[in-house]
Chemist: 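Take this structure, written in structure tokens, and hold onto it; I'll ask about it next.
From a predicted model like this one, the values you see are computed outputs, not experimental measurements. By convention in this document, chain letters (A, B, ...) are assigned in the order of the sequence lines, proteins followed by strands, and residues within each chain are numbered from 1.
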2 protein chains.
Amino acid sequence: MSSNGSRRRDITVADVAKAAQVSKAQAARALGNYGAVSQDVRERVLAAAEELDYRPNELARSMNTGKSHTIGVVVGDIENPHFGLATRGITDVAKKSGFHVILINTDEETAAEVEAVRVLLDKRVDGLIVAPASSVEIRHLQQVRESGRPLVLLDRKAGGLDVETFAVDTGDISYESTRYLLEAGHRRIAFVSTLKAAQPYNDGMELASSQISERVDGMLKAFEDHGLRHPAGLVRLNAGDAESIRKITRELLQGPDAATAIIASDGLIALSVVEGIQELGLSIPGDVSFLMYDDFAWTRLTTPPLTVIAQPVYEMGMAAANALIRQIEGRKAPTAAETLKARLVRRGSVGVPRAAETYNPPSSHQFTAS
Amino acid sequence: MSSNGSRRRDITVADVAKAAQVSKAQAARALGNYGAVSQDVRERVLAAAEELDYRPNELARSMNTGKSHTIGVVVGDIENPHFGLATRGITDVAKKSGFHVILINTDEETAAEVEAVRVLLDKRVDGLIVAPASSVEIRHLQQVRESGRPLVLLDRKAGGLDVETFAVDTGDISYESTRYLLEAGHRRIAFVSTLKAAQPYNDGMELASSQISERVDGMLKAFEDHGLRHPAGLVRLNAGDAESIRKITRELLQGPDAATAIIASDGLIALSVVEGIQELGLSIPGDVSFLMYDDFAWTRLTTPPLTVIAQPVYEMGMAAANALIRQIEGRKAPTAAETLKARLVRRGSVGVPRAAETYNPPSSHQFTAS
DNA sequence: TTGAAAGCGCTAACAG
DNA sequence: CTGTTAGCGCTTTCAA
């Protein structure tokens, strides 16, 4: 009965209305679940719709209501589990609230991000969640604000932009972690990040990522408070593909001024740094200590298991989505914003540096003190 | 000049037309880049658009043209790097062709998948890429086909559905891997999968996933060709969360009939299985041999590095997206479909089983023969 | 080339 | 409650 075979044209409210012998308006009301419809009419319409296998055209609906029930998400790299998890947090919350998610990848290019935001706006998404590639180039985000469309920032802050932002505060944890390494006796502590920069890092340089700049600052401050100065050349940016990361690792670990500890700025970097260390035939933590951001499951499987900075990434995604949806629905912000705190998980990859052993011999090679 | 301040209403073609002193139709033609427009008009319109900061309403555009330049992607679990990578392949290709991607997660629930497909269709996506949670419950996919909307399957086949499918053929590689283990002397080879099933696995049971059923079949066939019968109780399904996987691992590895080798069906399972093994204080490959599907970077960092079945996941995503876009644009299928082949990467997690050592003492503990 | 006018499928006023 | 009549912003006839 309902097999329309090669019928090309979609069934519309008009068709349903005709079949149910009511006006288009009544059919639409019954179907769209708004306005006033008698029980009788509703039943006839719904039955007809069922019979005809009617499917509403959400585009037409959105055009009228102005709502698409879709939120746009812009991230740097979906392939990075950090964003994979955050995205999962977003989609889980979105689904629960009846929102759909359009995802766009930027490869951490601001140009791609500008384009992505534009496209999403053109598609009339109800709101945007953006993990800005740069904390500085934010004109396009400013414009989103001005357009009045809800916007929430994820993972990174953007200076001078008045937007709800959900980013783990890594300044404190960077400080804490660095102190931990300093107390273990490390002085040559390296930090490796993918952050793109025109020049190699030098002291006091402006970093375009709030995350990275927080981390570097935290590290420098820890040194300072320790009465020390962070040695030059140990903050390495532009750690892009696996090959370049391994190269950086080799450079960091060879020569008389080799680093005794390396901090990897994310899980993808970590993978290549550890590979690089292994390639050099060095052992962790015997020869080099190692610390990384993000607590992925695999970090517990290496020998030794890795000491990591755990970040509530999934929660961050959830919080961002919740906030955005709240904005979309015009509800007020809760009085107390949840805080997203990172945590240092001490496992086995941090030890006492070789040089320190002579004047500060530890009972065990592994460093586990406070 | 162009600061409209608190202007709420969006700029439309009508506004641009007025500003450019041409008809709405002409403005639309110039803006939409179709129809015939004189050089003069085009310039005036474009200038006016620029001046007013006009942005087309893609919804309205889509409603007329029927094309949304958007493809819908439905996967079981974005958090699983397997899909993360595949999704990356899809989005990369999509972007290059000017398509956008709407992503929906199903948690491997068919009900959620049915809903996801419906939503995407309602949103009038130009085409769909689905990684079906079940190879059996495919009515909704059948309906997509019937509706005439382009559809491509990813990662898993769906029996009896005439659809272009991009899935790595894991039957052969399963056979090969099992033979590899058999030749090393293993007889009690376990296979752990997340596949949801009402009952524990028993011989000849119908599996709802083409992937898993291929893998199990390949394994059984290898045993058969070896003149053996695969022992009962070693194919374990329903390996959901980390806890249940560790429990399964413990069960598999304890008692007189313990497995001597475990094959993990994906990277997420692998993580927990290896943890489970470590918790039992067993060593790989000394006490248990281990093999897993998917070659993630971390598998090279464990001690020993893990022997894996590498799958061209990114390529799979790319191929699926290319095929879908080709269908959408109405181009013919290429004569030769690319094949997606898995590859056994022998590293250090497969050895000779304890029992076999007595009558077949290997020179080294590690098994590396062909 | 151009412009007027008629839709796309739906929601939203406005009378009954 | 119900139906009629306008739109939403754009594309697409169809004449001019």
Side-chain angles (χ1 to χ4, degrees), chain A residues 7-46 48-49 52-70 119 121-126 147 149, chain B residues 7-46 48-49 52-70 119 121-126 147 149:
Chain A
R7 186 96 125 66
R8 254 297 64 82
R9 208 179 59 69
D10 287 338
I11 305 291
T12 74
V13 247
D15 299 317
V16 176
K18 199 175 304 167
Q21 321 236 50
V22 295
S23 72
K24 213 179 66 168
Q26 278 310 81
R29 290 195 251 256
L31 259 12
N33 226 311
Y34 60 89
V37 187
S38 70
Q39 188 57 30
D40 174 49
V41 168
R42 160 163 293 116
E43 277 167 12
R44 290 213 321 271
V45 170
L46 261 30
L52 295 173
D53 195 29
Y54 165 79
R55 304 266 67 230
N57 183 328
E58 290 297 340
L59 291 182
R61 191 169 272 179
S62 295
M63 221 178 88
N64 284 289
T65 60
K67 328 246 82 229
S68 62
H69 266 268
T70 302
V119 161
L121 251 24
D122 290 355
K123 272 192 171 302
R124 299 299 192 265
V125 293
D126 293 344
S147 81
R149 247 200 206 62
Chain B
R7 187 97 123 68
R8 252 299 64 82
R9 209 178 59 70
D10 288 336
I11 305 291
T12 73
V13 249
D15 300 316
V16 177
K18 200 175 304 167
Q21 322 237 52
V22 295
S23 74
K24 212 178 64 169
Q26 279 310 82
R29 288 195 254 256
L31 260 10
N33 225 311
Y34 58 89
V37 186
S38 69
Q39 188 57 30
D40 173 51
V41 169
R42 159 162 296 116
E43 277 167 12
R44 293 217 313 277
V45 169
L46 263 27
L52 296 173
D53 195 28
Y54 166 80
R55 305 266 65 229
N57 183 328
E58 289 297 341
L59 289 182
R61 192 169 270 180
S62 295
M63 219 179 88
N64 284 290
T65 59
K67 328 247 83 233
S68 60
H69 266 268
T70 302
V119 162
L121 251 24
D122 290 355
K123 271 193 172 301
R124 300 299 192 266
V125 293
D126 293 345
S147 81
R149 246 199 205 62

Chemist: Please round to the nearest 0.5 Å and tell me the distance separating atom NZ of K123(B) and atom OG of S62(B).
Modeler: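 Result: 10.5 Å between the selected atoms.
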Chemist: Could you run down nucleotides 6-16 of chain D 5' to 3' and tag each one B, S or - for protein heavy-atom contact under 4.0 Å?
Modeler: -BBBBBBB---
Chemist: Less than 4.5 Å apart, any side-chain heavy atom of L52(A) and any of V16(A)?
Modeler: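 They are in side-chain contact.
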Chemist: Measure the spacing between OG1 of T65(A) and CG of D126(A) and express it to the nearest 0.5 Å.
Modeler: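 Between atom OG1 of T65(A) and atom CG of D126(A) there are 8.0 Å.
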Chemist: With a 3.5 Å distance limit and no angle check, can you tell me whether R149(A) reaches the backbone of V125(A) through a side-chain donor-acceptor pair?
Modeler: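 Pair found, side chain donor or acceptor close to backbone of V125(A).
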Chemist: So which pairs with a foot in residues 17-27 of chain A pass side chain to side chain donor-acceptor pair (under 3.5 Å), sequence neighbours left out?
Modeler: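 Found Q26(A)-R29(A).
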Chemist: Going from CG on N57(B) to CE on M63(B), what distance comes out if it is rounded to the nearest 0.5 angstrom?
Modeler: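 Here the interatomic distance stands at 10.0 Å.
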Chemist: In this structure, which stretches of DNA chain C are paired as stems of three or more consecutive Watson-Crick or G-U pairs, both distances less than 3.5 Å?
Modeler: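 So the stems come out as C:1-16 with D:1-16.
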Chemist: Could you tell me from which nucleotide to which nucleotide of DNA chain C, 5' to 3', there is an atom under 4.0 Å from chain B heavy atoms?
Modeler: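 So the contact region on DNA chain C extends dT1(C) to dG9(C).
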Chemist: If you measure from OH on Y54(A) to OG1 on T12(A), what distance do you get to the nearest 0.5 Å?
Modeler: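 Rounded to the nearest 0.5 Å, the OH-OG1 separation comes out at 7.5 Å.
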Chemist: Could you list the residues that satisfy salt bridge (Lys or Arg N to Asp or Glu O under 4.0 Å) with R42(B), not counting sequence neighbours?
Modeler: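 For R42(B) there are no salt bridge (Lys or Arg N to Asp or Glu O under 4.0 Å) partners, ignoring immediate neighbours.
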Chemist: Quick one: are D122(A) and L59(B) in side-chain contact, heavy atoms under 4.5 Å?
Modeler: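 Of all side-chain heavy-atom pairs linking L59(B) with D122(A), none is under 4.5 Å.
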Chemist: Identify, with sequence neighbours excluded, every residue that meets side chain to side chain donor-acceptor pair (under 3.5 Å) alongside D40(A).
Modeler: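 Applying side chain to side chain donor-acceptor pair (under 3.5 Å) to D40(A) gives R44(A).
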